[in-house]
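Just below is one structure, and these are the notes that go with it.
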There are 2 protein chains.
Amino acid sequence: MKKTVFVFSALIIALLILFRLSRYSYLSNDISVELTIGSIAVIFFFVGIYINKKTLHKEKPSHTQIDHKKIEQLGISKREYEVLVYISKGLSNKEIADALFVSESTIKTHVSNLLVKLDAQRRTQAIKKAKELQILGH
Amino acid sequence: MKKTVFVFSALIIALLILFRLSRYSYLSNDISVELTIGSIAVIFFFVGIYINKKTLHKEKPSHTQIDHKKIEQLGISKREYEVLVYISKGLSNKEIADALFVSESTIKTHVSNLLVKLDAQRRTQAIKKAKELQILGH
DNA sequence: TCTGGACTCATACTAAAGTACCAATTTTGT
DNA sequence: ACAAAATTGGTACTTTAGTATGAGTCCAGA
């Protein structure tokens with residue numbers, strides 16, 4: 001946040017300086033006018049690059065965006081999705097059952113349904129497919 | 001590549017137009033000069049963002065780099081690593097055995113050794129840990 | 001040449017995982 | 001309020017996974 005303020009301050013100062021320069025320019029010759037414009041173009045070009053780099057850095061975790069629409073399309077319920085997340089974390093059925101305060105039987109049912117919906121034969125395959133379908137973060 | 005040519009062509013045209021505008025501007029009033037500079041700033045700002053976005057897009061695959069040093073440190077052999085990759089692809093021991101032309105017993109041995117080396121209790125947990133350790137691509 | 005590491009495989013278990021079926025609640029949308 | 005979907009859970013079984021142990025082969029380095 002502090003950097004953003006600094007960058008925008010520098011931008012405004014640069015603009016003011018360039019305005020001054022442009023004002024002087026048409027009192028002298030034509031070449032400096034084009035130089036001014038060129039400078040502005042170059043400066044803002046790199047400013048654009050800089051700003052974008054900062055923005056994309058914070059977008060990185062958004063690369064791990066989950067496609068909620070696809071979850072619906074596959075008919076995966078909230079509870080089933082919770083189980084899927086735990087599976088991808090490497091938990092056993094018993095551990096998931098304890099985490100969700102239900103019986104292992106229930107988890108087995110959820111897992112079985114998940115495998116059908118994800119068209120997988122194993123939970124490891126379910127993890128891979130779920131990540132490919134963007135319904136699980138990488 | 002075609003897009004790059006198009007973008008740069010558009011840039012040059014924009015520059016020429018702005019040069020024309022600036023030439024007329026100091027024949028009339030001061031306000032249009034600043035408008036011109038502002039336009040150039042805005043245009044090149046977004047051009048910078050656009051160019052940068054294209055560049056960063058091609059950096060993405062480098063994010064999926066595997067740490068070979070860490071594989072050594074954990075004492076994971078080539079064969080074991082091969083098995084690990086297949087596990088992460090969701091294959092069963094039997095399927096891995098067929099893919100590597102060895103018996104299922106052999107794969108079980110490799111998997112057992114892998115779980116110890118990765119300090120995991122299950123193959124799903126091994127996948128998670130391997131990805132965290134950057135020895136498997138996301 | 002000898003040795004340790006890597007790879008292979010087998011047997012015999014134990015423990016998870018997964019399937020199939022059924023059934024009782026609970027939630028939710030109309 | 002009612003039907004449909006979701007959640008829960010049980011039993012009984014089959015199939016994978018994983019452990020433990022032992023052992024034979026092969027290869028590169030001291």
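Order of the sequence lines fixes the chain letters, A, B, ..., with proteins taken first and strands second; residue numbering starts at 1 for each chain. Note that the structure is a prediction, hence the values are computed from the model and not measured. All heavy atoms count here, side chains included; hydrogens, waters and symmetry mates do not.
- In this structure, B/Thr109 does not reach the C/dC9 phosphate: none of its side-chain N or O atoms is under 4.0 Å from OP1 or OP2.
- For A/Arg122, the listed nucleotide lying nearest its side chain is D/dA17; candidates were C/dA17, D/dA17, C/dT8.
- Counting heavy atoms from C-beta outward, A/Thr106 and A/Phe101 have side chains that stay 4.5 Å or more apart.
- In this structure, CD1 of B/Ile107 is placed 12 Å from P of C/dA10, rounded to the nearest angstrom.
- Put simply, the side chain of A/Leu118 reaches to within 4.5 Å of the side chain of A/Leu84, judged on heavy atoms.
- Judged by distance alone, with hydrogens and angles left aside, the side-chain atoms of B/Lys129 form a donor-acceptor pair with the main-chain N or O of B/Asp119 at under 3.5 Å.
- When distances run from any side-chain atom of A/Ser112 to the nucleotides C/dT8, D/dG10, C/dG18, the shortest one goes to C/dG18.
- Checking side-chain atoms of B/Lys108 against main-chain N and O of B/Asn93 turns up no donor-acceptor pair under 3.5 Å.
- The nearest whole Å value for the distance from the CD atom in A/Glu104 to the C1' atom in C/dG18 is 11 Å.
- Annotation for B/Asp67 and B/Ile135: closest pair O-CG2, 3.8 Å, computed over non-hydrogen atoms.
- Atom CG of A/Leu114 is separated from atom C1' of D/dA6 by 13 Å (rounded to the nearest Å).
- In this model, the phosphate group of C/dC7 is not approached by any side-chain N or O of B/Thr106 to a distance below 4.0 Å at OP1 or OP2.
- As judged by a 4.0 angstrom heavy-atom cut-off over every strand, A/Ser103 is placed among residues touching the sugar-phosphate backbone only.
- Two residues are said to be in side-chain contact when any heavy atoms from C-beta on lie closer than 4.5 Å; A/Leu100 and A/Arg79 meet this criterion.
- At a non-hydrogen distance threshold of 4.0 Å, A/Ser92, A/Asn93 from residues 68-102 of chain A come into contact with DNA chain C.
- Regarding A/Asn113, its CG atom lies at a distance of 10 Å from the P atom of D/dA6, rounded to whole Å.
- For the side-chain contact (heavy atoms from CB on, under 4.5 Å) with B/Arg123, the qualifying choice from B/Leu114, B/Val83, B/Ile87 is B/Ile87, the only one to do so.
- Under 4.0 angstrom from either OP1 or OP2 of C/dT8 there lies at least one side-chain N or O belonging to B/His110.
- The distance between atom NZ of A/Lys117 and atom P of D/dA5, rounded to the nearest whole Å, is 11 Å.
- Side-chain atoms of B/Lys108 lie closest to D/dG18 of the nucleotides C/dC7, C/dG18, D/dG18.
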